Amino acid sequence: MTITIERPDAIGSARAQTTTPEPKPATGSFQTVQPHLEVTAPLGQRYDEILTPEALAFLAKLHDRFAHTRHELLAVRLQTRVDAANGRDPKFLPETEWIRNDRTWRVAGAGPGLEDRRVEITGPTDRKMAINALNSGAKVWLADHEDATSPTWANVVEGQLSLFDFLRGELEYTSPEGKEYRVTATETPTIVFRPRGWHLVEKHLKFHDRAGRAMHASGSLVDFGLYFFHNAKALIEAGRGPYFYLPKLESHREAKLWNDIFTFAEEEIGIPHGTIRATVLIETIQAAFQMDEILYELRDHCAGLNAGRWDYIFSIVKTFRSRGRRWVMPDRKSITMTVPFMRAYTELLVSTCHQRGAHAIGGMSAFIPNRRDPEVTERALAAVSADKRREAGDGFDGTWVAHPDLIPTARAEFDAVLGDRPNQVDRLREDVRVTAAQLLDIPSIGGEVTEAGVYDNVSICIRYIESWLRGTGAAAIDNLMEDAATAEISRSQVWQWLHDNTVTAEGTRIDQTSIVRIMAAAVADLPRFEGDRFDDAISVFRSVALEPEFPTFLTVGAYARFL
C-alpha cells in the first residue's frame, strides 16, 4: 500500500492522497513539489491511528526543515573518522573554551516527574515489555526505540501504539498462551522515549523534498515526531511532559540540531518553549570532549547526561581500531568501570552535569537474575550492588537496570546516599580534574586477549544478531541482557584483534584461520530451531567483523538487507 501526504500550511488541513502531488510552479525556470512523506509498507491493524495524515504532515515538516542539516552533520562524522584514523586525537575544542569557562549558565533541569531518577529501567516498547516496565516500580522507564529494539516495521509502529494506548488508559496484552497483562501499578514510571540515532533511516517511509527527490526518512525524526505529535499534550495533562533520551551524539552541533527541532515542534503544536526535556547519552569518545558544549546547546531543553558505557567502549574501539597495538583492548569482561579511562569519563560526566544543574545518570546493569540458579543470581546481585554503590558514591543521581528484579538492589544503594533527597545535583564535584590524556589512557587497562574471550565475542554477537533479525532487540544471553551496543563491542573487538594480528594469551595468532575455527566451534554450539535466522546472522557477522572494511554500525547493513 502506498500513501502520500501533502505538506499543508496547517497540520489540521492535511489530506491523504493516492498519488504524488503535482509539481507546483516556482519563480524562475525551476519547478518544486510540496514536501511530503510516502508510506511504502503495508499498514497493519490500527497503523492508521499512528500514521494519520496529520502526523505524516508533521513528519514532512520536520524533514523539510531539518533533513539537510542531518546529512551535513553525518558528513562531518565521516571526516572526523578519517581524521582519527590518520592520527588526530579528539580534544577539548579551543573555539568553545568560553562555554567551558563561563560558570554562570545552567540548563533547564528536571521537568515534572523527572526530579527523582534514582533507578531507571530500560527496554523496548512492545506491549508485554511496556507493561512489565510500567509495573516495575522504577522511577523512570526508558522506552527504547534504539539499541533495545529491532527496527522492524511492526516494532516501529506498534511500539508507538503501546505508548499511545498507555497514555489513554488502554494498554493491555494477552499472550498466545492466554496470559493477560495489565498496568496495575498505582504509580508508574515517568517515560523518557529514546528515538533512533542520526545515522539510521526508516526505509518504510520515503521523504520527497521540494526538488522531487525521494529518500528514506530519518529514523530519528520519525520516532521523535510520531511520539511527540500524538502524546505531548497528553503527557503534559498527566503532569509530566514529552521527555527524550538522545543517543549516539558525536558533537555539540548535533545537539544544536535536536534543540532546533524541539523549539520548532513546541511552536508547531502550541506548547511553551522548554516543555521538552532531553537527556543526552554520552556514548562516543567525541562527545566526551564536548559535554559542556552539548549541555549549552540544549540548555533550554536539557535535563542531564547519561554514561552510556557500552556504546562508549564500542566508540573507542571503532575510533582507534587501526591505530596500532596501543589502542588494542583486552577481553570485553576486563573493561570494567574501574579502569582508569572509564573512571575519568564518569567522573568528568558527574562534575560537568552538576556544575550546570543537570542530572548525571549512571550506566546499565545488564545482569539477569536466574531464578533456577540461586548461585548465579547471588553473584549477579552482588555485582549490581557494588556497581551502584560506586555510582551513588561518585555523585550520580540515578542509574539504569535492564531487569525489574534488579530494581530493589539498585535502589537500596542510591537510597543509602540520597535518603529523602530526590537527587544530589548540589554535589558539584569541584575536586574533579580530567585531562585529555586520561580520557585516552587505553594502555592502562592491562588484561589479556584470550581464546575464551574471542569465542565469547563471536558467539554472543551471532546469537544477538539472530535475535535482532527475528525482531527482538533485547536478548537474554548467558544471564546478561544483550543489546545492539554490546554486540557492537563484540564484533568490533574481533575486527580489531584480527587486523592487528593480536596473539592470545594461549599463543594463538588471531587471523582468518583462527577466527573461522572459533566460528565453527561457536556455530556448532548454537541452539538451532525451526525458523531461526542463524544463517543470516553468520552472514552479517562475517560482513561486519571479518571484512577489510569496517562498517560504522552493524545494524545499518543488516537493516538494509533483512528488515
Side-chain angles (χ1 to χ4, degrees), residues 66-97 196-201 215-216 218-220 246-258 280-291 293-294 297 308 310-329 341 345 435-437 439-443 484-485 487-502 540 542-560:
F66 302 110
H68 179 71
T69 304
R70 168 183 172 261
H71 287 297
E72 287 181 339
L73 292 174
L74 290 177
V76 172
R77 283 189 182 184
L78 176 60
Q79 184 59 54
T80 301
R81 287 194 291 272
V82 171
D83 290 344
N86 289 335
R88 181 176 297 177
D89 289 342
K91 62 181 180 180
F92 296 106
L93 302 177
E95 63 268 27
T96 56
E97 185 177 8
R196 282 169 282 182
W198 283 129
H199 60 290
L200 296 171
V201 299
M215 64 198 76
H216 290 318
S218 159
S220 301
L246 304 181
K248 306 291 189 293
L249 282 129
E250 295 192 14
S251 74
H252 66 285
R253 291 181 60 193
E254 294 181 14
K256 183 181 185 304
L257 174 57
W258 271 118
V280 177
L281 293 113
I282 302 299
E283 53 188 352
T284 66
I285 184 63
Q286 294 81 11
F289 283 88
Q290 300 183 39
M291 294 189 205
E293 292 88 337
I294 287 169
E297 294 292 359
W310 307 127
D311 264 305
Y312 188 72
I313 294 169
F314 163 55
S315 170
I316 290 176
V317 177
K318 175 169 62 175
T319 299
F320 304 111
R321 67 188 183 279
S322 59
R323 292 270 295 272
R325 196 141 299 171
R326 173 177 179 267
W327 301 96
V328 174
M329 292 193 188
F341 83 94
Y345 152 66
T435 66
L439 289 172
L440 299 174
D441 183 17
I442 307 307
E488 291 284 24
I489 297 174
S490 297
R491 69 94 181 185
S492 62
Q493 283 198 302
V494 171
W495 190 99
Q496 186 181 43
W497 294 336
L498 173 63
H499 288 81
D500 187 70
N501 292 310
T502 297
V540 171
R542 286 181 177 275
S543 68
V544 299
L546 305 186
E547 296 296 327
E549 292 297 320
F550 182 90
T552 53
F553 293 95
L554 70 85
T555 51
V556 172
Y559 177 73

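Note that these values count all heavy atoms, side chains included, but never hydrogens, waters or copies made by symmetry. The model shown is predicted, which means the values in this text are computed figures rather than measured ones.
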Which atom names give the shortest non-hydrogen contact between [X] and [Y], and what distance separates them?
| X | Y | value |
| --- | --- | --- |
| Phe341 | Asp441 | CB-O, 3.7 Å |
| Ala545 | Val494 | CB-CG1, 4.2 Å |
| Arg326 | Pro443 | CG-CG, 3.6 Å |

Legend entry - Residues Leu440, Trp327; criterion side chain to side chain contact (heavy atoms under 4.5 Å, CB included); working and verdict: CA-CA 9 Å; Leu440 299 174; Trp327 301 96; 4.2 Å; yes
Flag yes if more than 12 heavy atoms outside [X] fall under 6.0 Å of its [atom1] atom; otherwise flag no.
| X | atom1 | result |
| --- | --- | --- |
| Arg70 | CZ | yes |
| His71 | NE2 | yes |
| Glu95 | CD | yes |
| Arg88 | CZ | no |

[Y] and [X], any side-chain heavy atoms less than 4.5 Å apart:
| X | Y | result |
| --- | --- | --- |
| Thr284 | Leu249 | no |
| His499 | Ser322 | no |
| Ile489 | Met329 | no |
| Ile294 | Ile282 | yes |
| Leu257 | Trp198 | yes |
| Trp495 | Val544 | no |

Inset, instruction - Start with the C-alpha gap between Leu93 and Phe289, add the side-chain angles, then the distance that decides, and say whether side chain to side chain contact (heavy atoms under 4.5 Å, CB included) holds. - result: CA-CA 8 Å; Leu93 302 177; Phe289 283 88; over 6 Å; no
Legend entry - Cation over ring face, Arg491 and Phe314, 6.0 Å, 45°: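 Relative to the ring axis of Phe314, which defines the angle, Arg491 lies outside at least one limit.
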Inset, instruction - Evaluate the side chain to side chain contact (heavy atoms under 4.5 Å, CB included) criterion for residues Val82 and Gln79: first the C-alpha distance (whole Å), next the side-chain angles of each, then the deciding distance (0.1 Å), finally the verdict. - result: CA-CA 5 Å; Val82 171; Gln79 184 59 54; 4.2 Å; yes
Would you check if the side chain of [X] reaches a backbone N or O of [Y] as a donor-acceptor pair within less than 3.5 Å?
| X | Y | value |
| --- | --- | --- |
| Glu488 | Asp311 | no |
| Asp500 | Gln496 | no |
| Arg77 | Leu74 | no |
| Ser218 | Val201 | no |

Inset, instruction - Would you please say whether a donor-acceptor pair under 3.5 Å links the side chains of His252 and Gln290? - result: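 His252 vs Gln290: donor-acceptor pair found between side chains.
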Legend entry - Under 3.5 Å side-chain donor-acceptor pair for Thr319 and Gln286: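 There is such a pair (donor and acceptor under 3.5 Å, judged by atom type) between the side chains of Thr319 and Gln286.
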Inset, instruction - Mind running side chain to side chain contact (heavy atoms under 4.5 Å, CB included) on Ile313 and Trp310 for me, showing each step along the way? - result: CA-CA 5 Å; Ile313 294 169; Trp310 307 127; 4.2 Å; yes
Hey, what do you get for [atom1] ([X]) to [atom2] ([Y]), rounding to the nearest 0.5 Å?
| X | Y | atom1 | atom2 | value |
| --- | --- | --- | --- | --- |
| Arg81 | Thr552 | CZ | OG1 | 5.0 Å |
| Ile285 | Ile442 | CD1 | CD1 | 7.0 Å |
| Tyr312 | Leu439 | OH | CG | 5.0 Å |
| Asp83 | Asp89 | CG | CG | 11.0 Å |
| Lys318 | Ser315 | NZ | OG | 6.0 Å |
| Phe553 | Lys248 | CZ | NZ | 6.0 Å |

